[in-house]
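Just below is one structure, and these are the notes that go with it.
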There are 2 protein chains.
Amino acid sequence: MRDSADLKKAGLKATLPRLKILTILEGAKERHMSAEDVYKALLDSGEEVGLATVYRVLTQFETAGLVIRHNFEGGRAVFELNQGHHHDHMVCVECGKVFEFYDPAIEARQRKVAETNGFVMEEHSLYIYGTCDGLKKSGVCSKKTRSSTLV
Amino acid sequence: MRDSADLKKAGLKATLPRLKILTILEGAKERHMSAEDVYKALLDSGEEVGLATVYRVLTQFETAGLVIRHNFEGGRAVFELNQGHHHDHMVCVECGKVFEFYDPAIEARQRKVAETNGFVMEEHSLYIYGTCDGLKKSGVCSKKTRSSTLV
DNA sequence: TCCAAAATGAGAATAGTTATCGTTGGCTTG
DNA sequence: CAAGCCAACGATAACTATTCTCATTTTGGA
Ligand SMILES: [Mn+2]
Ligand SMILES: [Mn+2]
Ligand SMILES: [Zn+2]
Ligand SMILES: [Zn+2]
């Protein structure tokens with residue numbers, strides 16, 4: 001549970017909008033949310049926060065290491081709370097659900113490839129696009145929200 | 001060398017703009033070009049092609065499998081001719097140079113991860129961000145254009 | 001050569017995001 | 001706890017990348 005102490009620690013004033021956005025990110029059913037998603041969730045919960053503030057704060061949170069930004073194909077960024085452990089993503093192009101995974105072998109090979117080429121890796125993004133098991137089983141992806149599965 | 005025959009094969013009329021864009025992509029020093037890059041290259045070589053046409057044609061080429069589109073971080077798409085063999089990318093965040101690599105072990109593990117989760121993979125994107133050896137050696141990335149190195 | 005259909009190019013429109021700037025409010029000081 | 005400074009906010013303008021619209025031009029085939 002994040003609170004104003006986490007914001008202070010990150011060098012950010014504990015303002016109402018920031019706390020509200022943090023609360024949304026923590027309580028969301030979908031872990032990976034666009035700025036628009038966060039904004040709508042705020043509206044739905046009766047909070048008054050400007051869209052510009054949502055964008056501004058999400059970027060500040062990213063800089064502070066509180067959230068991670070992803071650029072899945074489609075041209076809109078999504079954000080998720082930094083859970084402290086890196087993971088990669090599979091995105092269903094049919095229903096949009098996002099699955100998480102971590103593969104030590106892939107991580108190791110990436111470091112190897114970078115090293116071999118004299119490249120100093122800072123970060124990486126690995127996105128697998130395809131269709132989830134809901135599609136395979138029943139012909140349509142289930143709407144049931146199983147947004148995150150860390151294997 | 002691509003020509004009108006390749007366009008016909010792809011179900012596209014061999015129009016002048018399409019041929020010119022193909023020529024630019026083939027002759028470019030940088031293999032990975034944004035739509036704007038292609039547009040400017042056309043202007044530089046004295047060709048009159050509208051920016052809208054560049055975007056339209058690049059998308060058509062992508063659909064036809066003639067080019068591959070990448071979404072590196074930064075919010076602008078880049079394109080490269082489809083060379084027939086898949087590869088992934090390392091992008092230097094300092095000088096912007098793009099390096100290519102292919103790692104069978106990573107490819108295999110990706111398929112494994114997808115399969116294990118009942119996910120039918122259609123495509124994937126793996127981008128490694130960091131600084132290239134030019135920076136490490138001399139303090140600055142060399143401007144020498146070594147845009148592609150398939151390891 | 002002639003024509004219908006497809007493609008082009010100029011510019012308007014759109015989506016996502018960032019910048020501007022006057023107002024508000026968190027937080028330290030006295 | 002009042003005062004005041006400065007960071008943060010919110011409305012909206014601006015921006016960037018990309019797509020759409022539509023009148024005009026080309027292409028490829030008859
Ligand atoms: Mn995630
Ligand atoms: Mn490439
Ligand atoms: Zn699905
Ligand atoms: Zn570099």
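Every chain is numbered from 1, with letters handed out A, B, ... down the list of sequences.
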field: Same cluster (ILVMFWY, side-chain, under 4.5 Å), I24(B) and V57(B)
entry: yes

message: Is there a side-chain contact between D88(B) and H124(B) in this structure, where contact means two heavy atoms from C-beta onward sitting under 4.5 Å apart?
response: yes

message: For S125(B), give me all partners under side chain to side chain donor-acceptor pair (under 3.5 Å), at least two apart in sequence or on another chain.
response: none

Compile the donor-acceptor pairs under 3.5 Å between side chains in residues 38-53 of chain B and protein atoms, sequence neighbours left out, one pair per line.
residue: S45(B); atom: OG; partner: A41(B); partner atom: O; Å: 3.2
residue: S45(B); atom: OG; partner: L42(B); partner atom: O; Å: 3.0
residue: E47(B); atom: OE1; partner: K20(B); partner atom: NZ; Å: 3.1

- line: Outer limits of DNA chain C sitting under 4.0 Å from a non-hydrogen atom of chain B, read 5' to 3', are dA6(C) to dG11(C)

task: Mind checking salt bridge (Lys or Arg N to Asp or Glu O under 4.0 Å) for R69(A) and listing every partner two or more places apart, or none if nothing turns up?
output: E62(A)

- prompt: Can you name the residues that form a side chain to side chain contact (heavy atoms under 4.5 Å, CB included) with A10(A), not counting sequence neighbours?
  reply: L12(A), A64(A), L66(A)

- request: Using a 4.0 Å heavy-atom cut-off, write out nucleotides 7-19 of chain D from 5' to 3' as B (base contacted by protein), S (sugar-phosphate only) or - (no contact).
  value: SSBBBB----SBB

field: Estimated bend of the helix from dT1(C)-dA30(D) to dG30(C)-dC1(D) (axis per five terminal pairs, rounded to 10 degrees)
entry: 30°

- prompt: Who pairs with A105(A) by side chain to side chain contact (heavy atoms under 4.5 Å, CB included), at least two apart in sequence or on another chain?
  reply: D103(A), R109(B)

field: Output field: ring centroids Y102(A)/H85(A) closer than 6.0 Å
entry: no

task: Sequence neighbours left out, what passes side chain to side chain contact (heavy atoms under 4.5 Å, CB included) with I68(A)? Give chain and number order.
output: H70(A), E80(A), N82(A)

message: Could you check whether E100(A) and H32(A), counting side-chain N and O atoms only, form a donor-acceptor pair closer than 3.5 Å?
response: yes

Identify the pairs formed between an N or O of the protein and an N or O of nucleotides 1-4 of chain D at a distance under 3.5 Å, and give each distance.
none

message: If the condition is ring-ring contact (aromatic ring centres under 6.0 Å, His included), which residues does Y129(B) pass it with, not counting sequence neighbours?
response: none

- line: Applying side chain to side chain contact (heavy atoms under 4.5 Å, CB included) to A14(A) and not counting sequence neighbours gives S4(A), L7(A), K8(A)

